[in-house]
Amino acid sequence: METHSAPNETPHHLANDLLHGADEIAEFIFGERSSRRKVYYLAECTRLPIFRLGSVLCARRSVLLKWIAGQEGRALPAPESTET
């Protein structure tokens, strides 16, 4: 018989990866909680990888880091060809 874990048994790594609220997201991205309005703006105007738990904005640190790396990759100029 197959056993399933209870819903409240969240793995610790997932819980540690979760940012709960615009204040925590702002502190992670911008270094200060006072930038929470920027988080709301980015949530509305861009594809900032966030989700809602009820009315609370949430994000995963690991997903935000990958998103930021992707944004950096898009902003860098393409290397010039060295073919002659």
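In what follows, residues are counted from 1 in the order of the sequence shown.
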Flag if over 12 foreign heavy atoms under 6.0 Å of OH, Tyr41: no
Same hydrophobic cluster for Ile25 and Phe30, using side-chain heavy-atom links shorter than 4.5 Å among ILVMFWY? yes
Atom SG of Cys58 and atom CG of Leu18: how far apart are they, to the nearest 0.5 Å? 5.0 Å
Joint cluster assignment, Leu65 & Leu42, ILVMFWY side-chain distance < 4.5 Å: yes
Passing option when Leu57 is tested against Val39, Asp23, Leu19 for side-chain contact (heavy atoms from CB on, under 4.5 Å): Val39
Test of understanding: with side chain to side chain contact (heavy atoms under 4.5 Å, CB included), list the residues that count as partners of Lys66, not counting sequence neighbours. none
Considering non-hydrogen atoms only, spot the tightest contact between Ala26 and Ser35 and give its length. CB-C, 3.6 Å
List the residues meeting side chain to side chain contact (heavy atoms under 4.5 Å, CB included) with Arg37, not counting sequence neighbours, and say none if there are none. Tyr40
Measuring from atom CZ of Arg61 to atom CG of Asn16, what distance do you get when rounded to the nearest 0.5 angstrom? 7.5 Å
Quick one: salt bridge (charged side-chain N to carboxylate O under 4.0 Å, His left out) partners of Arg33, sequence neighbours excluded? Glu27
To the nearest 0.5 Å, what is the distance between CD (Glu32) and NZ (Lys38)? 6.5 Å
Could you grab the distance from atom CZ of Arg60 to atom CZ of Phe28, nearest 0.5 Å is fine? 11.5 Å
Of all heavy-atom pairs between Pro49 and Leu64, which one has the smallest distance, and what is that distance? CG-CD2, 3.8 Å
Sub-3.5 Å donor-acceptor pair from the side chain of Asp17 to the main-chain atoms of Ser62, do we have one? yes
